[in-house]
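Here's the structure, in structure tokens; my notes come after.
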Protein chains: 2
Amino acid sequence: MDLPTPPQQPGTSADCRPISQMLGRIGDKWTIMTITMLLKGPTRFNQLRRMIGGVSQQMLTRTLRALETDGLVSRQVYPTIPPQVEYSLTDLGRSLAEPLTQLTIWVLDNIEQVERNRADATQPS
Amino acid sequence: MDLPTPPQQPGTSADCRPISQMLGRIGDKWTIMTITMLLKGPTRFNQLRRMIGGVSQQMLTRTLRALETDGLVSRQVYPTIPPQVEYSLTDLGRSLAEPLTQLTIWVLDNIEQVERNRADATQPS
DNA sequence: CGGTATCCTTTCCGATACTG
DNA sequence: CAGTATCGGAAAGGATACCG
């Protein structure tokens, strides 16, 4: 029941949509934050939640499930009481972390400039 | 009338939300595609639209406006008939393009593996 | 050509309640 | 602790019509 390749003209160049879709997934802010945090090592659910900050339990769960499905994160359950679950990056996940880290560094370096530009655009006085 | 810093516990670590927000913006798939395409040089609206593929006129307009507001893209209008509008990256935009390109390369290199992982997760037979 | 305005559907995502 | 289930408002985003 998947979209069987929606209206795509034969005349247009290579279909970039699979790439767009993939970028939409991994470009997701929670995904980026999650992978970045997991770089520090295996981390438990609520620990991750606190590290990221501002993420709801549902969103973190959904993000982690998607990452697990895609083979970027692995989930290790320790059947203790109370239960303990550790998430960690797979090799594939670690390979993605590198470009994501570069992106985060860019944000840290340039967020102030962007916010200034944005303010100038609002108040061009 | 902006959100004046929503509920943030004092006990939590540094507030990552400005960074999350910024990542949510530039991590947007249309934004990534647009900036990547503009790396090839100044490009006209419909040209860009065709290059990206699968983007509605509205979304491309919105994406370009946002990028312009943030100072990542500049817009040059030639008052010819018919009108001609060229978009190009600013220096700031070009600096962002580098990490984004790395990300796109990762996607190209790993999309097949991810899709296999995803299929395996659906059919674990 | 390069938009803007409007409508409308789909998806996102937070809040809440409940579970092993 | 680490979830799952359900709901509802908000936001994203496509389709269409129209304009300079």
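Just so we're on the same page: letters track the sequence lines, and every chain starts at 1. Being a predicted model, the structure only gives us computed values, none of them experimental.
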Given 3.5 Å as the limit, does a donor-acceptor pair link the side chain of [X] with the main chain of [Y], or not?
| X | Y | answer |
| --- | --- | --- |
| B:E68 | B:R65 | no |
| B:S56 | B:G54 | no |
| B:N110 | B:Q113 | no |
| B:N46 | B:R49 | no |

Inter-end axis angle, the helix from C:dC1-D:dG20 to C:dG20-D:dC1, with every axis fitted to five base pairs (rounded, 10 degrees)
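Axis-to-axis angle, ends of the helix: 50°.
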Within a reach of under 6.0 Å around CD of B:Q21, are more than 12 heavy atoms found that belong to other residues, nucleotides or ligands?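 No, not enclosed.
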A:Y87 side chain near D:dC1 phosphate (N/O to OP1/OP2, under 4.0 Å)
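For D:dC1, OP1/OP2 do not have a side-chain N/O of A:Y87 under 4.0 Å.
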At their closest point, which heavy atom of B:G27 faces which heavy atom of B:I32, and how far apart are they?
->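 Heavy-atom minimum between the residues: O-CD1, 3.4 Å.
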List the steps and the verdict of side-chain contact (heavy atoms from CB on, under 4.5 Å) for A:L23 and B:M33.
CA-CA 9 Å; A:L23 286 170; B:M33 296 296 292; 3.9 Å; yes
How many whole angstroms separate atom [atom1] of [X] from atom [atom2] of [N]?
| X | N | atom1 | atom2 | answer |
| --- | --- | --- | --- | --- |
| A:L60 | D:dG3 | CG | P | 8 Å |
| A:M33 | C:dC13 | CE | C1' | 17 Å |
| A:I81 | C:dT19 | CD1 | P | 18 Å |
| A:W30 | C:dT11 | CH2 | P | 22 Å |
| A:M59 | C:dT16 | CE | P | 18 Å |
| B:Q84 | C:dG3 | CD | C1' | 15 Å |
| A:D28 | C:dT11 | CG | P | 16 Å |
| A:E86 | D:dG3 | CD | P | 12 Å |

- Task: Could you list by number each residue of residues 61-75 of chain A showing a heavy-atom separation from DNA chain D of less than 4.0 Å, or answer none if no residue does?
- Result: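 Contacts with DNA chain D under 4.0 Å: A:T61, A:R65, A:R75.
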Among residues 38-47 of chain B, which residues get a heavy atom nearer than 4.0 Å to DNA chain D?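 By residue number: none to list.
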| field | Donor-acceptor pair (no angle test) under 3.5 Å: B:Q57 side chain, C:dG3 base | value |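 When only heavy-atom distances are counted, B:Q57 does reach the base of C:dG3 through a donor-acceptor pair under 3.5 Å.
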> Does B:Q58 get its side chain close enough to the base of C:dT6, under 3.5 Å, for a donor-acceptor pair?
Replying inline: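 Such a pair is found, so the answer is yes.
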Side chain of A:P83 only, heavy atoms from C-beta on: which candidate in C:dG2, C:dA17, C:dG20 is closest?
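When the side chain of A:P83 is considered, C:dG20 is the closest of C:dG2, C:dA17, C:dG20.
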| said: Tell me whether B:I111 shares a hydrophobic cluster with B:L108, the cluster being built from Ile, Leu, Val, Met, Phe, Trp, Tyr side chains joined at under 4.5 Å. | reply: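 Yes; B:L108 is reachable from B:I111 via cluster members.
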Query raised in the report: When hydrophobic residues are tied together by side-chain contacts of less than 4.5 Å, even through go-betweens, does A:F45 share a cluster with A:V77?
Result: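 Looking at the clustering, A:V77 is in the same group as A:F45.
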Could you pick out which residue, A:V85 or B:S56, lies toward the 5' side of DNA chain D when each is mapped onto its nearest nucleotide?
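So the residue in question is A:V85.
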Stepwise side-chain contact (heavy atoms from CB on, under 4.5 Å) check, B:Y87 with B:L64: CA-CA 8 Å; B:Y87 293 90; B:L64 287 167; 3.7 Å; yes
CD1 on A:I35 to CD1 on A:I26, rounded to 0.5 Å: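 Going from CD1 on A:I26 over to CD1 on A:I35, the span is 7.5 Å.
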| said: Checking side-chain contact (heavy atoms from CB on, under 4.5 Å) between A:L38 and each of A:L48, A:T90, A:L72, A:L67, which is the one that passes? | reply: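 By the side-chain contact (heavy atoms from CB on, under 4.5 Å) criterion, A:L38 pairs with just one of A:L48, A:T90, A:L72, A:L67: A:L48.
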